[in-house]
Amino acid sequence: MPATDHRPTEPAMGPAEALSELFTPAGKHHPYSLYDALWHLGPVIPLGPSGTLVLGYDEICTALRDSRLLVTDATVHRTTGMIEHSSWQCFTKIMMFSNPPDHERMRRFSAWAYAPRQVAERRHLAVRAAEHWAARLATLDDGGPIDLVEAFATRVPVTVTGELLGIPEEDRMALRTAITATTTAFEPVFDREELRPADAGMDVLVDYLDDLVRERRRRPGDDLISTMVRDRDTGGELSEEELVASLVMFLIAGVQSPSDLIGSTVRLALDHPAEGRRLTSDDDHIRAFVTETLRFDPPNHVLTRAAATDIDFHGHRIAAGTRALLVLAAANRDPRQFTDPAAFDLTRTDNRPLSFGLGPHYCLGAAFARTQVEAAVPVLLRRFPHLTLTAPPAYRDQLVTRGFAHMEVSLGA
Ligand code: HEM
């Protein structure tokens with residue numbers, strides 16, 4: 001059952017048409033053929049007052065390094081009224097949606113939590129979680145299909161991130177639905193009602209972590225929350241609301257994209273059985289496999305920037321106040337950067353997808369995410385060498401944060 005992200009599209013499609021098609025449920029499920037259709041219009045596509053679409057690899061690199069292209073922060077979300085929603089109230093207090101000088105201050109405060117030594121120490125947590133959930137899978141096997149997203153791909157990162165934050169085991173799985181719901185706030189919103197699930201999810205996470213912060217302030221432990229509370233209370237440059245928001249962010253980012261990446265890595269391993277088998281025994285191979293998965297089918301397709309001033313951009317003008325939509329997943333298939341980009345090819349050299357971003361907002365959790373996936377997938381494939389898909393996996397109805405809603409498999413044990 002090979003990957004079916006491509007389906008034929010009219011190459012003559014106009015930009016507005018292709019863009020509106022992209023954010024329909026069908027477009028979100030099959031975006032790559034639409035990126036191809038858009039690619040015929042060039043690496044930078046002006047969309048008038050709606051902004052600029054950027055698809056090219058070099059062009060996105062320039063955009064992510066251009067200090068005049070800002071992330072959509074509290075000022076922007078106040079203007080649009082989105083900040084009235086609890087989802088955006090929280091997101092605008094984190095570094096990902098903050099610009100200088102707040103961005104540097106927040107990144108400085110949290111950087112230690114993502115340092116290489118911390119990440120290396122987390123590897124064993126990921127292996128242990130993967131072994132636990134793989135063993136549990138075997139007990140669920142009654143011969144019928146099993147949803148690997150529910151039973152493994154989300155459980156490993158929920159366990160690892162839950163342990164790091166010191167979230168009691170019995171609470172962890174209940175937070176999963178709220179975590180995924182909050183990520184729907186990143187999608188384009190056509191009607192404010194669409195933000196309801198994200199707002200509800202955010203209320204759950206903020207209330208929960210707010211309580212846990214209070215509890216750890218009273219009774220510190222050796223977890224990340226206790227350390228962050230202590231750092232803040234001894235002069236760290238973060239407000240209490242920003243502290244809770246950073247922890248919410250750590251929980252969402254720690255779980256959703258790694259879970260999505262585990263899903264797509266397993267799916268591609270099953271699509272390429274010979275290469276998939278090598279994942280169980282060859283560390284260099286798993287690293288190359290995850291890099292190519294990040295290029296071929298990344299967990300985040302689109303980043304947004306807002307122009308602080310008029311900008312001459314690769315022969316086009318991005319007007320002050322308008323947005324640039326940077327389509328990372330299209331740049332990862334830019335034929336000027338990647339030979340035969342639609343092929344899943346593990347022999348690529350100098351394979352540098354843009355899936356973790358670039359520049360000042362480059363993903364702080366990139367090494368942590370890779371560690372989890374590189375540890376978990378081999379454990380699963382070693383335990384179940386005859387794992388097979390029993391149906392094409394279904395994507396969630398999301399493009400910005402993209403991954404499988406379900407992935408039905410037979411364990412073949
Ligand atoms: C496969 C997994 C992941 C992917 C694909 C991913 C992707 C990204 C991308 C594209 C950005 C840049 C956003 C921008 O420029 O606007 C980013 C930023 C960030 N990511 Fe990740 N991420 C992943 C996992 C994680 C994990 C596990 C954590 C932490 C637990 C994390 C924490 C962050 C943080 C804190 C930022 C903001 C950095 C800043 O604004 O300075 N990410 N991520």
Side-chain angles (χ1 to χ4, degrees), residues 54 60-61 63-67 69-73 76 91-115 118-119 122 125-126 153-154 156-165 167 179 183 186 224-225 228 238 242 245-265 290-291 293-306 323-329 331-332 353-377 400-403:
V54 188
I60 290 189
C61 292
L64 289 173
R65 290 186 171 121
D66 190 326
S67 58
L69 283 169
L70 301 173
V71 295
T72 53
D73 62 10
V76 170
F91 283 135
T92 48
K93 293 192 183 79
I94 63 173
M95 69 178 100
M96 198 185 277
F97 297 100
S98 297
N99 289 300
D102 291 333
H103 175 251
E104 285 90 338
R105 173 175 61 79
M106 293 175 177
R107 197 161 163 123
R108 214 170 32 239
F109 180 88
S110 303
W112 67 269
Y114 301 93
Q118 305 282 345
V119 172
R122 286 170 199 164
L125 275 183
T154 49
V156 173
V158 164
T159 304
V160 172
T161 303
E163 296 235 336
L164 288 175
L165 291 177
I167 294 176
I179 291 171
T183 66
F186 302 140
L224 213 128
I225 295 184
M228 284 199 163
L238 222 57
E242 288 168 347
S246 308
L247 293 167
V248 168
M249 169 76 215
F250 193 93
L251 182 57
I252 297 171
V255 170
Q256 193 59 59
S257 295
S259 159
D260 291 337
L261 187 57
I262 291 174
S264 47
T265 306
V290 171
T291 304
T293 303
L294 280 161
R295 185 194 71 81
F296 188 80
D297 198 15
N300 302 98
H301 276 218
V302 185
L303 298 179
T304 303
R305 294 293 188 265
R323 300 205 180 181
L325 296 184
L326 315 177
V327 190
L328 303 179
N332 286 348
L354 292 178
S355 313
F356 288 118
L358 195 77
H361 290 276
Y362 179 77
C363 177
L364 260 180
F368 175 37
R370 290 194 63 125
T371 299
Q372 293 198 61
V373 180
E374 290 169 12
V377 173
V400 177
T401 312
R402 189 166 185 262

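Note that ligands are numbered from 1 as they come in the structure, with each ligand's atoms numbered from 1 the same way. For the single chain, residues carry numbers from 1 onward in sequence order.
Heavy-atom contacts of G254 reach the following atoms of ligand 1: 27 (C), 30 (C) (cutoff under 4.0 Å). Here is the list of ligand 1 atoms found below 4.0 Å of a heavy atom in P360: 41 (O). Proximity to P258 (heavy-atom distance under 4.0 Å) selects the following atoms of ligand 1: 2 (C), 27 (C). Per-residue contacts place H103 under 4.0 angstrom from the following atoms of ligand 1 (heavy atoms of the residue considered): 39 (C), 40 (O), 41 (O). Within the listing of ligand 1, atoms 14 (C), 15 (O), 16 (O) sit less than 4.0 angstrom from a heavy atom of R305. Within the listing of ligand 1, atoms 1 (C), 5 (C) sit less than 4.0 angstrom from a heavy atom of P299. In summary, the atoms of ligand 1 found under 4.0 Å from a heavy atom of R107, numbered by their order in the structure, are 38 (C), 39 (C), 41 (O).
Evaluated by nearest non-hydrogen atom to atom 35 (C) of ligand 1, the leading choice among Y114, Y362, F97 is Y114.
If you check which protein heavy atom lies closest to atom 1 (C) of ligand 1, you get L261 CD2, 3.6 Å. The protein non-hydrogen atom at the shortest distance from atom 13 (C) of ligand 1 is L303 CD2, 3.8 Å.
Side-chain contact check for N332 and S355: at least one donor-acceptor pair (N or O, by modelled atom type) lies under 3.5 Å.
Here the shortest heavy-atom pairing between V54 and I60 reads O-CD1, 3.5 Å.
The main-chain N or O of L364 is never found under 3.5 Å from a side-chain atom of R107 such that the two would form a donor-acceptor pair. Counting only distance, with no hydrogens or angles, the side chain of S98 and the backbone of I94 share a donor-acceptor pair below 3.5 Å. Side-chain atoms of N99 come within 3.5 Å of backbone N or O of V71 as a donor-acceptor pair.
F368 and F250 have parallel rings, their planes meeting at less than 30° on a 0 to 90° scale where 60° marks the start of perpendicular.
At a 3.5 angstrom cut-off on N or O pairs, H361 counts as close to ligand 1. Not one N or O of S355 is nearer than 3.5 Å to an N or O of ligand 1, by distance alone.
Within the 4.5 Å cutoff, the side chain of P298 has no heavy atoms near those of the L328 side chain. Two residues are said to be in side-chain contact when any heavy atoms from C-beta on lie closer than 4.5 Å; S257 and I252 fail this criterion.
With rounding to the nearest 0.5 angstrom, the CZ atom of R108 is 10.5 Å from the CG atom of L238.
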Given T291 and R370, is the side chain to side chain contact (heavy atoms under 4.5 Å, CB included) satisfied, shown in steps?
CA-CA 9 Å; T291 304; R370 290 194 63 125; 3.0 Å; yes
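For atom 21 (Fe) of ligand 1, the count of nearby protein N/O/S atoms, taking only those under 2.8 Å, is 1.
Exactly one residue among V158, L251, T159 makes a side chain to side chain contact (heavy atoms under 4.5 Å, CB included) with I167. That residue is L251. Each of V156, V255, L125 was evaluated against T161; a single residue qualifies, V255, per the side chain to side chain contact (heavy atoms under 4.5 Å, CB included) test.
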